[in-house]
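Chain naming here is simple, since letters A, B, ... match the order of the sequence lines and numbering starts at 1 in each.
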There are 2 protein chains.
Amino acid sequence: MWRVILKDGMKGATVRNIAKEAGLSLGSLRHYFKSQEELLLFSMELVKERATERIQNIALKNLPPKEMISKMLLEIVPTNETTKAEMEVWLEFVLYFQNKQGVKIDDGVFQGFKKLMDILKQGNFLKKEVNIDLETERLYALVDGLAIHAILQPERMTKERIEHVLALHLDEICKGDCPQQF
Amino acid sequence: MWRVILKDGMKGATVRNIAKEAGLSLGSLRHYFKSQEELLLFSMELVKERATERIQNIALKNLPPKEMISKMLLEIVPTNETTKAEMEVWLEFVLYFQNKQGVKIDDGVFQGFKKLMDILKQGNFLKKEVNIDLETERLYALVDGLAIHAILQPERMTKERIEHVLALHLDEICKGDCPQQF
DNA sequence: CTATATTTAATACGATTGTATTAAAAAGAT
DNA sequence: ATCTTTTTAATACAATCGTATTAAATATAG
């Protein structure tokens, strides 16, 4: 399904196309997913699980706070084909379900950003004049903006450029004695 | 067409739905737009024209640089129902045509941001240590990130919150003696 | 091996899609 | 008022959609 969406967008994500891409018959696919919506939601959940798993693996490494956060953000902003595909598929999904009644999507990413900022604060890594709430919102928006641009304008938005912008931003909200990570 | 897309997303943007919403017959609509793609592209171009017009009107006002830029950014980030609809429709369009061969979308917004930053630089409003290129990229990403969040998470992303984040960011890249505008 | 359960395949159905065709209606020009 | 052009309406068609049904193939259990 991800491959189909990456190639033809949500418009091409028909049950038949997905079955064909998976090498299954229509009836076979239907045996596992009773409806198209069920299939879409499963596929969407899988994207979330994968990204969550990668980020949690980073959390387990017990890195210095700022380095940990840098690495985490680089798992959200697409810097390789895998994460780029995930983000594009995710965006298609969110927009698709945005206009469907009865399905409410909350990825919980904002809560995650609040946690990250709290870690920086607890470790006394933040400049003391920063407004935590607003800075959380700003970082979140910056990351998602970079992610969108990485998908839609990949020729300009190289991995290095993304890293530079993120490093610039983190340096701005963190104290000067923080170790560089990029 | 915008109304249809806002209600049902791109999936509902069928020729019949659009004709019905416009109070036209199928044949009538077809008389003006020979194909669905033609209709989509026209509608997309109209979104671009409207936004461009609003921004150019601000440019004509001869405001102080920083205030002018603030106002312009607030025309891009959706802060009311009109701009919110435009941005949502635009995003649907871009994603839709992303996966269509032969149609290349370049909204020229990045070039616009470069111009804005250049104005700030020429007016000597920027802190001297800022890297123009990276800061342009950062501002652009921040604005689009805020825009996405304004659409997808409107309950948290109020107009005031958007203004606060933008003001915070502008204050950070501009010199302290710049007049406040929010 | 046999019997049961699971999985796959093939086909069908009604609805909807983009597009095309044709003629009637309305508007405008002379 | 008549003629020409423009606009609208209605219908048709092939393709594709999500979903449903039915039976064959395969796997599993006793």
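Residues satisfying the salt bridge (Lys or Arg N to Asp or Glu O under 4.0 Å) test with B/K20, not counting sequence neighbours, are none. Taking the side-chain hydrogen bond (donor to acceptor under 3.5 Å, both in side chains) definition, one finds that A/T83 meets it with A/N80, sequence neighbours left out. Considering only residues two or more places apart in sequence or on other chains, A/Y32 meets the ring pair (Phe, Tyr, Trp, His ring centres under 6.0 Å) condition with none of them. A/R30 pairs by the side-chain hydrogen bond (donor to acceptor under 3.5 Å, both in side chains) definition with nothing, not counting sequence neighbours. Partners of B/S25 under the side-chain hydrogen bond (donor to acceptor under 3.5 Å, both in side chains) rule, at least two apart in sequence or in another chain, are B/S28. Shown here are the side-chain hydrogen bond (donor to acceptor under 3.5 Å, both in side chains) partners of A/E172, two or more places apart in sequence or in another chain: B/R138.
Of the side-chain N and O atoms in B/S28, one or more sit less than 4.0 angstrom from OP1 or OP2 of D/dA9. OP1 and OP2 of D/dT6 both lie 4.0 Å or more from every side-chain N or O belonging to B/Y32.
Straight-line distance from the CD atom of B/Q36 to the P atom of C/dT17: 10 Å, rounded to whole Å. A straight line from CG of B/L40 to C1' of C/dG18 spans 12 Å, rounded to a whole angstrom. Between the P atom of C/dT6 and the NE2 atom of A/H31 lies a distance of 8 Å, rounded to the nearest Å. The nearest whole Å value for the distance from the CG atom in B/L24 to the C1' atom in D/dA10 is 14 Å.
A donor atom on one side chain and an acceptor atom on the other are not found under 3.5 Å apart for A/Y140 and A/E135.
Residue pairs that meet the ring-ring contact (aromatic ring centres under 6.0 Å, His included) test with at least one member in residues 52-96 of chain A, sequence neighbours left out, do not exist here.
For the contact set between residues 6-23 of chain A and DNA chain D, defined by any heavy atom under 4.0 Å, the members are A/T14, A/V15, A/R16.
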Tabulate protein N/O versus nucleotide N/O from nucleotides 20-22 of chain D, keeping only pairs under 3.5 Å, one per line.
residue	atom	partner	partner atom	Å
D/dA20	OP2	A/R30	NH1	3.4
D/dA20	OP2	A/R30	NH2	2.4

